[in-house]
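Within every chain, numbering begins at 1; the chains are lettered A, B, ... in the order of the sequence lines, protein sequences first and strands thereafter.
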There are 2 protein chains.
Amino acid sequence: MLINLDFEANEPIYQQLTNQIIDGIARKELKPGEGLPSVRSLAADIGINLHTVNKAYQQLKQEGFILIHRQKGVVINPDGVPKADESYRAQLQKKLRPIIAESICRDVDELEFLELCQSIYNSYKGGTTS
Amino acid sequence: MLINLDFEANEPIYQQLTNQIIDGIARKELKPGEGLPSVRSLAADIGINLHTVNKAYQQLKQEGFILIHRQKGVVINPDGVPKADESYRAQLQKKLRPIIAESICRDVDELEFLELCQSIYNSYKGGTTS
């Protein structure tokens, strides 16, 4: 899987890396049980700090996306990512509220917002890269 | 307007403050031209650092939510928040993609996601606090 980082962006690099791995899982390009590079080799490959990769991997591990084995290395959770529970749903709502509040301030109406979400959902259905 | 900060949250305090002011504008509790407390007095009122308030205000100013006058002080943009343009729409899509990717990984289907967005949109229509 190709990792594209934007070093000019406001978003921290570890967060970009985390998001791209989650994106790969959503697109089914990264499959349950599939191996990921070690912290050291990924850091060297993309030319970023070990700690940055480590922070991304630790977050992904904590949220159930990957497992980190001492021997087998880093793998996409073979049991699949834990399904949404009440705590995830509450967190999702908390993330969406400020985005929707800003959209309301900027006169993006509900229909346009929902259509944008639909088109993003659709972009994951084909299994294509975007 | 009441400001509620969660000092235990992962989200930086300045971002929480920014989001709450945007939320107040979306709920029409904060109206165009309305004054906001000075950096100094808001920092003292809610017991946070001057720099934290300043960072929130600078971000809000940059994004067109508020004006900072040397004499009149801080006011909600009297001309209203700038409407969504192509750049905002691109940024909105960029913010939504990782949230939707994670929801797909966690088996939140499109319908549930859209209904959640609708319910958040609805919560701003009544003009009630939430």
Sort out for me which residue in A/V81, A/D23, A/L30 forms a side-chain contact (heavy atoms from CB on, under 4.5 Å) with B/C105. A/V81

Report yes or no: do [X] and [Y] belong to one cluster of Ile/Leu/Val/Met/Phe/Trp/Tyr joined by side chain heavy-atom distances under 4.5 Å?
X	Y	answer
B/F113	A/I25	no
B/L2	B/L42	no
B/I46	B/I13	yes
B/L92	A/Y124	yes
B/Y88	A/L96	yes

Chain A contact via B/E63 - which portion, at a heavy-atom distance below 4.5 Å: both

Portion of B/L114 that has a non-hydrogen atom of chain A nearer than 4.5 angstrom: both

Locate the shortest heavy-atom distance separating [X] from [Y]; write the atom from each residue and the value.
X	Y	value
A/D6	B/K94	OD2-NZ, 4.5 Å
B/I22	A/A101	CG2-C, 4.0 Å
A/R97	B/S123	NH1-OG, 3.3 Å

Counting heavy-atom pairs under 4.5 Å to chain A, which of B/A84, B/S119, B/G64, B/G80 comes out on top? B/A84

Give the member of B/I104, B/I99, B/D85 that has the highest number of heavy-atom pairs under 4.5 Å with chain A. B/I104

Of the backbone (N, CA, C, O) and the side chain (C-beta and beyond), which part of A/D109 lies under 4.5 Å from a heavy atom of chain B, both, or neither? backbone

Is A/S103 in contact with chain B via its backbone, its side chain, both, or neither, using a 4.5 Å heavy-atom distance? both

Please determine whether the number of non-hydrogen atoms from other residues, nucleotides or ligands lying under 6.0 Å from atom NZ of A/K55 exceeds 12. no

Below 4.0 angstrom, N of the basic side chain to O of the carboxylate: do A/E112 and B/R89 qualify? yes

Separation of A/K95 NZ from B/E102 CD (nearest 0.5 Å): 4.5 Å

Hey, could you give me the CG/CD distance between B/L116 and A/Q93, rounded to the nearest 0.5 Å? 5.5 Å

At a heavy-atom distance under 4.5 Å, which candidate from A/G24, A/P98, A/C117 has the highest pair count against chain B? A/C117

Which one, A/E110, A/Q118, A/K83, leads in non-hydrogen pairs under 4.5 Å with chain B? A/E110

Can you list the steps and then say if B/Y121 with A/V108 is a side chain to side chain contact (heavy atoms under 4.5 Å, CB included)? CA-CA 11 Å; B/Y121 255 96; A/V108 175; 4.2 Å; yes

